[in-house]
Amino acid sequence: MIELKQDNLVFSFPEVHKDAALRIDFQRTLRIPDDGRRHALPPGLGSFPLRHVDDFAQKVPEEWMEHGGVMLPMYQSEALWLNFGRGGGYPFAVKIATGKINAVTGKTWENGLNRKPQDYVVVPDQPWLDGYCVKKGEIRQFVAMPLGAGYSAEEQITGEAEYGGIQIIAYPMKAEAYERLRESYRSERYMFQHAQMMPAEAGASFDMGLAPGGRMRQKIYDDPHDFDVWDLEQASRCFVHIANSMVWSSITGQAPPTVPPTAREYTDAGLPWFDLYDEHIQALDGGGKLADLKSVKELGEEKGDVPLPENETVDPQNVKKLRHGLTKDQVREGAF
């Protein structure tokens with residue numbers, strides 16, 4: 001079952017276990033500079049609003065109705081990250097794709113899970129995902145660009161601008177494996193603590209895709225469990241459409257969130273960036289195809305375009321250290 005609760009996407013599997021629920025929210029954030037440097041984690045600036053596509057059947061494209069799911073608004077060149085830190089401690093294997101390109105491996109979408117190479121993240125171990133896994137310990141930030149402009153990961157890999165948006169499928173841990181895990185944690189006196197972790201022109205396309213932006217220090221964690229703990233018979237899948245922010249207003253009658261501050265404005269105000277201490281956790285290697293993607297800035301230079309306004313390099317002095325496993329008193333979201 002998939003529900004919307006306070007702008008969170010909630011996957012629940014009561015038939016598997018009463019605790020089997022996963023909450024994902026999509027955090028507004030700074031677009032980090034696309035300058036070749038590896039940056040710290042930017043803050044969460046609050047959740048994007050989410051709405052059911054079916055509630056606006058007369059105003060959205062037919063293909064959105066075919067896919068169903070939910071939608072959120074983004075400005076061109078705006079960034080986001082997926083926050084897994086608001087749920088409980090029930091483990092899930094979660095596959096995430098943009099334009100049906102896997103954000104961990106760069107391969108085209110397929111149902112099911114693959115362990116070698118691992119094509120999913122494990123929640124709650126993985127507190128968040130900010131972008132495409134391009135190499136071990138490094139991602140390129142998710143940045144919204146108009147579908148059809150050639151910038152999205154989907155277009156770079158497939159040559160087509162067909163899907164856009166974000167695709168998510170969640171597989172719960174089997175109940176018996178969860179109970180064994182919970183009992184082992186109890187015996188160690190440990191109970192699933194984890195981190196809680198520019199306007200487009202009128203008339204622009206409905207659809208937005210996600211493209212690779214600046215580089216960020218972030219690990220995609222190796223699955224610490226035996227592969228057979230995942231219940232592949234139970235899965236929920238959701239399509240998250242990304243609407244141009246101006247189009248969002250015409251669909252919903254509601255104003256989109258305000259344009260976020262630039263990285264320079266945020267840094268000059270002395271507000272915090274973040275660095276997660278997780279040296280003890282094994283990380284995946286980056287997806288080969290993802291490593292070959294060109295960033296929005298790089299493609300813009302080839303096109304003679306300037307798709308990233310306010311791309312000035314910053315050198316934050318206020319970087320807060322987060323330790324993997326801490327809870328509410330050290331969080332990324334709501335930092336601004």
Side-chain angles (χ1 to χ4, degrees), residues 1-27 47-48 50-55 66-72 81-98 100 102-105 109-115 118-129 165-186 190-197 220-241 284 325 327 333:
M1 178 171 62
I2 303 177
E3 302 173 278
L4 284 186
K5 294 183 178 180
Q6 297 177 326
D7 292 323
N8 281 220
L9 195 57
V10 182
F11 298 79
S12 57
F13 298 83
E15 67 280 11
V16 174
H17 194 284
K18 64 180 179 62
D19 295 338
L22 167 70
R23 298 176 73 98
I24 301 175
D25 76 293
F26 302 83
Q27 282 282 317
S47 299
F48 282 97
L50 292 175
R51 299 291 183 269
H52 287 290
V53 168
D54 289 350
D55 291 342
E66 293 173 6
H67 293 138
V70 299
M71 60 183 181
L72 60 81
W81 53 275
L82 280 67
N83 181 22
F84 308 120
R86 289 187 174 186
Y90 201 96
F92 283 84
V94 185
K95 290 182 73 166
I96 297 146
T98 71
K100 293 197 174 182
N102 191 293
V104 175
T105 65
W109 180 271
E110 59 180 4
N111 292 332
L113 300 176
N114 292 295
R115 185 67 180 91
Q118 181 179 319
D119 60 359
Y120 56 93
V121 299
V122 177
V123 178
D125 301 67
Q126 187 82 39
W128 40 62
L129 181 67
I166 303 168
Q167 297 77 42
I168 301 173
I169 189 167
Y171 295 88
M173 180 176 279
K174 294 175 182 176
E176 58 271 23
Y178 170 67
E179 291 296 343
R180 288 195 303 269
L181 185 64
R182 187 163 66 167
E183 187 58 36
S184 71
Y185 282 179
R186 278 188 182 132
Y190 179 77
M191 280 298 297
F192 290 116
Q193 292 179 334
H194 60 283
Q196 297 270 343
M197 307 286 184
I220 308 301
Y221 300 153
D222 187 38
D223 184 352
H225 308 289
D226 292 334
F227 188 67
D228 63 3
V229 304
W230 303 116
D231 193 339
L232 301 184
E233 300 300 316
Q234 303 287 339
S236 285
R237 178 177 172 180
C238 187
F239 200 116
V240 182
H241 303 270
L284 300 182
T327 52
E333 58 183 291

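Hydrogens, waters and symmetry mates play no part in the numbers below; they use all other heavy atoms, side chains included.
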V16 and A175 have their tightest heavy-atom pair at O-CB, 3.2 Å

Closest non-hydrogen atoms of P91 and P124, given as atom of the first, atom of the second and distance, are CA-CD, 3.9 Å

Sequence-distant partners of [X], side-chain hydrogen bond (donor to acceptor under 3.5 Å, both in side chains), two or more places apart:
| X | value |
| --- | --- |
| T98 | Y132 |
| N111 | W109, R237 |
| D119 | K95, N114 |

Residues in salt bridge (charged side-chain N to carboxylate O under 4.0 Å, His left out) with [X], at least two apart?
| X | answer |
| --- | --- |
| D231 | none |
| D222 | R115 |
| K5 | E3 |

Hits for ring-ring contact (aromatic ring centres under 6.0 Å, His included) against F13, two or more places apart or cross-chain, chain-then-number order -> F92

The ring-ring contact (aromatic ring centres under 6.0 Å, His included) partners of F48 (sequence neighbours excluded) come to none

Looking at [X] and [Y], would you say the former's side chain and the latter's main chain have a donor-acceptor pair under 3.5 Å?
| X | Y | answer |
| --- | --- | --- |
| Y90 | L22 | no |
| Q118 | D223 | yes |
| H17 | D19 | yes |

State, with a plain yes or no, whether a side-chain heavy atom of [X] is found less than 4.5 Å away from one of [Y].
| X | Y | value |
| --- | --- | --- |
| F11 | C238 | yes |
| L50 | F26 | yes |
| V121 | F84 | yes |
| L129 | I220 | yes |
| H225 | L181 | yes |

Kindly compute the distance separating [atom1] ([X]) from [atom2] ([Y]), expressed to the nearest 0.5 Å.
| X | Y | atom1 | atom2 | value |
| --- | --- | --- | --- | --- |
| K100 | I166 | NZ | CD1 | 14.5 Å |
| L9 | S236 | CG | OG | 9.5 Å |
| R23 | S12 | CZ | OG | 10.5 Å |

Angle between ring planes, [X] versus [Y], binned at 30° and 60°: parallel, tilted or perpendicular?
| X | Y | answer |
| --- | --- | --- |
| W230 | Y120 | perpendicular |
| F239 | H67 | parallel |
| W81 | W128 | perpendicular |

For residues 167-177, the side chain to side chain donor-acceptor pair (under 3.5 Å) pairs (sequence neighbours left out) are none

**Prompt:** Side-chain donor-acceptor pair under 3.5 Å between S47 and D25, yes or no?
**Reply:** yes

Point to revise | Worked check of salt bridge (Lys or Arg N to Asp or Glu O under 4.0 Å) between E183 and R180 | key: CA-CA 5 Å; E183 187 58 36; R180 288 195 303 269; over 6 Å; no

| message | Please evaluate residues V104 and I96 with respect to the criterion side chain to side chain contact (heavy atoms under 4.5 Å, CB included), reporting the C-alpha separation (whole Å), side-chain torsions for both, the decisive distance (0.1 Å), and the verdict. | response | CA-CA 8 Å; V104 175; I96 297 146; over 6 Å; no

